[in-house]
Amino acid sequence: DQTVLANEQVINGCCERCGSQVTKKELEQWYFLTTKLADELLEGLEQVEWPEHVKTLQRNWIGKSQGAEIGFKIDDSRFKIEVFTTRPDTLFGVTAIVLAPEHPLAKQLCVQNGKTAEFEAYNQAVSAKTNVDRAQGKETLKTALFTGAQAIHPLTNEKIPVWIADYVLMEYGTGAVMAVPAHDERDNIFAKTHKLPIKTVIEPITGTPLENEEFRRSIVAIVENPKTGKLLSINWGPKLGGNLFVGGGIDEGEDPVETAKREIAEETGYKNLKFIAKTETIHHHYIAHSKGVNRYIQASGLYFQLIDEEKQPVALEADERNKFSVEWLEKDVVERKVADQLHSLVFKRLVKNEIFSGYGVLVDSGEYSTESSQEATDRIVADLESAGTGKFTTTYRLRDWLVSRQRYWGAPIPVVYDPQGQPHPVKDEHLPLELPEDVNFLPGGESPLARSKEYKERAEKLYGQGWHFDTDTLDTFVDSSWYYLRYLSVNDTEKPFDKDLVKKWLPVDLYIGGIEHATLHLLYARFMYRFLVQNGYVKGAEPFDSAQGEPFKKLFNIGMINLHGAKMSKSKGNVVSPDPLIEHYGTDALRGYELFIGPLDIESEWNVRGINGIHRFLIRLYNYGQHDLSLLEQADIEDENADFDTYLTNINEAISDFRLNRYLAQAMEFLNKYEKLFLSPETFKKFLITLSPAFPYLSEEISEKLNITGSIFEQPWPKPTALTKTVEITVLINQKFSGKITDPGSETAAKKAVLEIIEIKNKLAGKKFKLVYKKAKVVNIIVN
RNA sequence: GCGCGUGUGGCGGAACGGUAGACGCGCUGGAUUCAGGUUCCAGUGUCCGCAAGGGCGUGGAGGUUCGACUCCUCUCACGCGCACCA
């Protein structure tokens, strides 16, 4: 409550910690310039072994986007507006320049054009909206204000109106956009609302260009029956492309609308049609399988409605006509069934009225017309650059990290202000700056430190009359962003951490934590460490590669335990106390159950009944440990060793993969098998050692019966006895299990051995079959 | 809207492309017990069958392969993240 937050700490317009709503306020605050390292933070992700999921979260959060900045001069003034766009290829489609309300030029342009009152009114309306309102949807798109100013298009010199609208955000890009209503959804809504022209400058391309293409012009015609709302579709069957609309080539000199009417009548008989709408030209490349040629077509999509249902006889020959059937389908059915790229694009443009925001071929774009988006982008930006009014740039979604907090509990910001209000760093000899103690530290809209008499006096004593410390404290995430460095030198009173120790211990080999830190702690810590490394604070000034800027080499995300589908948390009051369970089952059983509940990185459901299984296992283990094994007849030692080796290999793998549920399952399986066979005392001892991490109390207690000097925890982890176990091959008949054989090592020997098995011989008698062999795996007998 | 992830018995969950459901919970029957609990034995995907045995089965539809939970394409459902990002 009552403090500022960083962007990362705001969830849906509310505080990530306390859930209270976030409002906007103008304040002077300190920032860490995380955006300066945005690129490095992005690259560094390639250097670490983190779950892909977490890397993606961070990549999205940083939100790198490449585009260009383009300057638009304002007519009759010295001003110039820089817009950021990812689509310079749509430059000829610009019909407005739109500024964020907070844009420095927004007010000035209004004032210049005698619209001061309008601006003030609009600005007030906008700032009255909270972030939550802004996030509510497209409602705010409709609010905008014309400044009265005209910008000059840098390539055509046309005049373009300059608007203010709050759908443009000051924090992103340059706080100004070029509105291209034909090719951007928001610009489109904006333009329609304010009756601005919409100019198409990109024609879509579908498919990919091929070699030796045959060129033709053609149409795709959608026919609607206005009485039913259904659309006419031609079903060609699964092999010939499924459902399509009526299509056909345009004859030389023929008008597309006439072509479409002719094709519709020929294929379906309907002849009384009303033309409704038409798409821009669509460039389509495809392989015409039936004709065996590659085609490039320039297609027009056309939309018709039936005037009436009158039909003429279908003109096609019977064999031609039988290739397809004519269907009337609901629009949503059509959307699902029409898979062809060209036809479904026409559907989107004409039926769903979607705008086209993809890449394509330029049209109505002066000398750049007929170029592809890619070519045009490069050439347009290059041309603008040589004219001094444009360049490629990169923008990030990441915001700088606001670290000032109006809270008591935090490290004081080590800044002191002179009587003129100019900030200065607190001198080294005055560090660390400690919190004053004569304050009421409840939050109250301003920092509690501002209320401290002692803090003020301290500053004046150290720096002189009229000086005062910054009264905010640092975000606690600042502390957690470098604690792993301090951990190495907790008793050092001279400096925050010891470079040599850092050099020795970092990066952290394995970092375990919850996913909730993905774009908070983990991002801040990476930033801080990289900053310290880059500036020689941790490794000296030697050059370093990107990987050396990463504090955490490997990351493991631990999953939450849920209760009835909800995360357990103190604030929700749905925490399960372990105490009664420990009392009844013991800590070993509880720990074991927690390991056994499921994979560590997956959210799991808490279900107490499961603890019984572990409890039973522990009782069996304990009872087994009461036997004097040296007096009992044991199983075959070679089999036993081989089994133990297998077990050991499995659990070693499971443990290093954090598959602790597998680790315990293997242990149970092993005990199940040998509970009745009796192990040699040596093997049992090794078995017990492998269980000691999961069940420290019980394994220690049982080990007292064995000849172990000292604690079981001082025993080395067992090593495989390295006896080679015989490899078995599975024998399958038509993929069904039919037994196992010992692997003789070679294909011919294995096949021979299989065919000598009596039961298999009998099954195969008189049948044709062939054998598939896979080394050390399987012999599959395929009988037809 | 964009991005990411997950779908396997009644449940938690196993399966280097090679006997799907290991291990555990629960459930059913039996033994022990005056009884309940505990413990022990047997069974437990589903359908047909007394059984032997067989059919079907890893969200759905295709494909690759001798063989697919696993690889590829499409699709559905759920979950998560970001979101007026130009």
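Numbered from 1 within each chain, the chains take letters A, B, ... in sequence-line order. What you see is a predicted model, and the numbers here were worked out from it, not measured in a lab.
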Check your understanding: Closest nucleotide of RNA chain B for A:V177 versus for A:K740: which of these residues is on the 5' side?
Key -> A:K740

Atom pairs, protein N/O to nucleotides 22-33 of chain B N/O, distance under 3.5 Å:
| from | atom 1 | to | atom 2 | distance (Å) |
| --- | --- | --- | --- | --- |
| B:rA22 | O2' | A:E669 | OE1 | 3.4 |
| B:rA22 | O2' | A:E669 | OE2 | 3.1 |
| B:rG24 | OP1 | A:N672 | ND2 | 3.2 |
| B:rC25 | OP1 | A:R616 | NH1 | 2.4 |
| B:rG26 | OP1 | A:N612 | ND2 | 3.4 |
| B:rG26 | OP2 | A:R616 | NH1 | 3.4 |

Review point. Listed by chain and number, what are the side-chain hydrogen bond (donor to acceptor under 3.5 Å, both in side chains) partners of A:R349, not counting sequence neighbours?
Key: A:E280

Are there any protein N/O atoms within less than 3.5 Å of an N/O atom in nucleotides 73-80 of chain B, and if so, which ones and at what distance?
none

Check your understanding: When we call it a touch if two heavy atoms are under 4.0 Å apart, what does A:K736 touch: a base, just sugar-phosphate, or nothing?
Key -> sugar-phosphate

Check your understanding: Expressed in whole Å, how much space separates the C1' atoms belonging to B:rG81 and B:rG63?
Key -> 33 Å

**Study point:** Span that lies between the P atom of B:rU64 and that of B:rC78, in whole angstrom
**Key:** 32 Å

**Study point:** Under the ring pair (Phe, Tyr, Trp, His ring centres under 6.0 Å) test, residues paired with A:F527 that sit two or more places apart
**Key:** none

Point to revise | B:rG13 OP1/OP2 closer than 4.0 Å to side-chain N/O of A:R659 | key: no

Practice item. Mind checking salt bridge (Lys or Arg N to Asp or Glu O under 4.0 Å) for A:R659 and listing every partner two or more places apart, or none if nothing turns up? Key: none

Could I get a table of every N or O pair under 3.5 Å where one atom is in the protein and the other is in nucleotides 57-66 of chain B?
| from | atom 1 | to | atom 2 | distance (Å) |
| --- | --- | --- | --- | --- |
| B:rC66 | O2 | A:N780 | ND2 | 2.6 |

Study note, to complete from the structure: Those residues at least two apart in sequence (or on a different chain) that pass ring pair (Phe, Tyr, Trp, His ring centres under 6.0 Å) with A:Y647 are A:F644, A:F670, A:F687

Exercise for review: Could you pull out all residues at least two apart from A:K64 that satisfy side-chain hydrogen bond (donor to acceptor under 3.5 Å, both in side chains)?
Suggested key: A:D39

Practice item. With sequence neighbours left out, write down each residue that passes side-chain hydrogen bond (donor to acceptor under 3.5 Å, both in side chains) with A:K352, or none if nothing qualifies. Key: A:E335

Study note, to complete from the structure: For A:S738, the side-chain hydrogen bond (donor to acceptor under 3.5 Å, both in side chains) test, sequence neighbours excluded, returns none

With a 3.5 Å cut-off and sequence neighbours excluded, list the donor-acceptor pairs that the side chains of residues 175-184 of chain A form with protein atoms.
| from | atom 1 | to | atom 2 | distance (Å) |
| --- | --- | --- | --- | --- |
| A:H183 | ND1 | A:F356 | O | 2.8 |
| A:H183 | NE2 | A:V201 | N | 3.0 |
| A:H183 | NE2 | A:I202 | N | 3.1 |
| A:D184 | OD1 | A:R186 | N | 3.0 |
| A:D184 | OD1 | A:R186 | NE | 3.3 |
| A:D184 | OD1 | A:R186 | NH2 | 3.2 |
| A:D184 | OD1 | A:D187 | N | 3.0 |
| A:D184 | OD2 | A:R186 | NH2 | 2.8 |

Exercise for review: Using only heavy-atom distances, determine whether the side chains of A:R620 and A:N672 contain a donor-acceptor pair under 3.5 Å.
Suggested key: yes

Check your understanding: Listed by chain and number, what are the ring pair (Phe, Tyr, Trp, His ring centres under 6.0 Å) partners of A:H615, not counting sequence neighbours?
Key -> A:Y585

